[in-house]
Trainee: 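Can you read through this structure? Questions will come right after.
Along the sequence shown, the residues carry numbers beginning at 1. Nothing here was measured: the structure is a model prediction, and the numbers come from that model. Counting starts at 1 for both ligands and their atoms, in listed order.
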Amino acid sequence: MKAKLTFLGTGTSQGIPIIGCRCRVCQSADIRDKRFRAAALVEYGGLTMLIDAGPDFRMQMLAHRVSHLDAIILTHNHKDHTGGLDDVRSFNYIDHKAVDIYCEERVENTIRREYAYAFAEEKYPGCPEWRIHRIDDSPFDVKPNTGYKLDWVENVGYKYTPVEGEAPKPAVRVIPIRGWHAQMPVLGFRFGDIAYITDMSMLPEEEFAKLQGLKHLTLNTVGFKHHHSHFSLQEALDLAARIGAEHTWLTHLSHSVPPHAEFEEMLREKTGGAVLPAYDGLIIED
Ligand SMILES: [Zn+2]
Ligand SMILES: [Zn+2]
Ligand SMILES: [Zn+2]
């Protein structure tokens, strides 16, 4: 079963450019130096899944003309990964359906607190509608959210057509990868031969077995220096070498790494092209 991943955002929690910053990365004219908050769209087994819904969720959906989501899968409960969840309302209006969110209990607790209005007894009209599916570090199935067809029509917008008697698609199996973001537990995810890891500073020994035979691996780094909750560049390079995926892509990048073209050149020299920086809009397939 083929997996395809589109990077919707490859920036650190403030995105790039950072508001008010005059550094050469934030002022770069290279489109690859414009980075939304980290998120990825995965197409796998006929299902469309979003990993993380940060504050740039709306713009990411628009930029990639995403008109249907089977699931939103959350890595952890930091705001740069959950801050866009109110905007699932657009999918609610179009689909007349709740959006399925897959996350761990602690992430659910944060969502329930931060979006209390969406869980209130008496909701105001137009509140986001979602259904939470609790996961842990065991493999889980994502079920399709089907029963309708949705098309983007140029100059018109979304077109909604109910589908009568549509054959239900099978669920797909996702393998979570447990890691640590300083003291906070985080999940990465493997779909086929693509694994997506972000916001980790430690990957426990027992998780390496789940990362064998990868075509593409994504790892986070915010820069060259040691960081308390993210891999440093050297740590990411060492991990990439140890895991040995055909290609490793760096995400969650900050303005402390050089502009994209320079950074890419530097990594090509260091790794022969095995490890490269990701950029918004990059598509990888296994
Ligand atoms: Zn983050
Ligand atoms: Zn800057
Ligand atoms: Zn985080």
Trainee: Give, rounded to 10 degrees, the angle between SG (C26) and SG (C23) as seen from the Zn ion (ligand 2).
Mentor: 110°

Trainee: Suppose we only allow N, O or S atoms; which atom of H255 ends up nearest to the Zn ion (ligand 2)?
Mentor: ND1

Trainee: Have H216 and D193 got a donor and an acceptor in their side chains that come within less than 3.5 Å?
Mentor: no

Trainee: Any side-chain donor-acceptor pair under 3.5 Å between H260 and D33?
Mentor: no

Trainee: Name of the D80 N, O or S atom nearest the Zn ion (ligand 1)?
Mentor: OD2

Trainee: Under 3.5 Å, side chain of D137 to main-chain N/O of I177, donor-acceptor pair present?
Mentor: no

Trainee: Please determine whether H252 has a backbone or side-chain N, O or S atom lying under 2.8 Å from the Zn ion (ligand 1).
Mentor: yes

Trainee: H81 and D52: side-chain donor and acceptor closer than 3.5 Å?
Mentor: yes

Trainee: With under 30° as parallel and over 60° as perpendicular, where do the rings of H76 and H181 fit, or are they tilted in between?
Mentor: perpendicular

Trainee: What N, O or S atom of D199 is found closest to the Zn ion (ligand 3)?
Mentor: OD2

Trainee: For the Zn ion (ligand 3), give me the closest N/O/S atom belonging to H78, just the atom name.
Mentor: ND1

Trainee: Within 2.8 Å of the Zn ion (ligand 1), is there any N, O or S atom belonging to H81?
Mentor: yes

Trainee: Any side-chain heavy atom of F189 sitting closer than 4.5 Å to one from I175?
Mentor: no

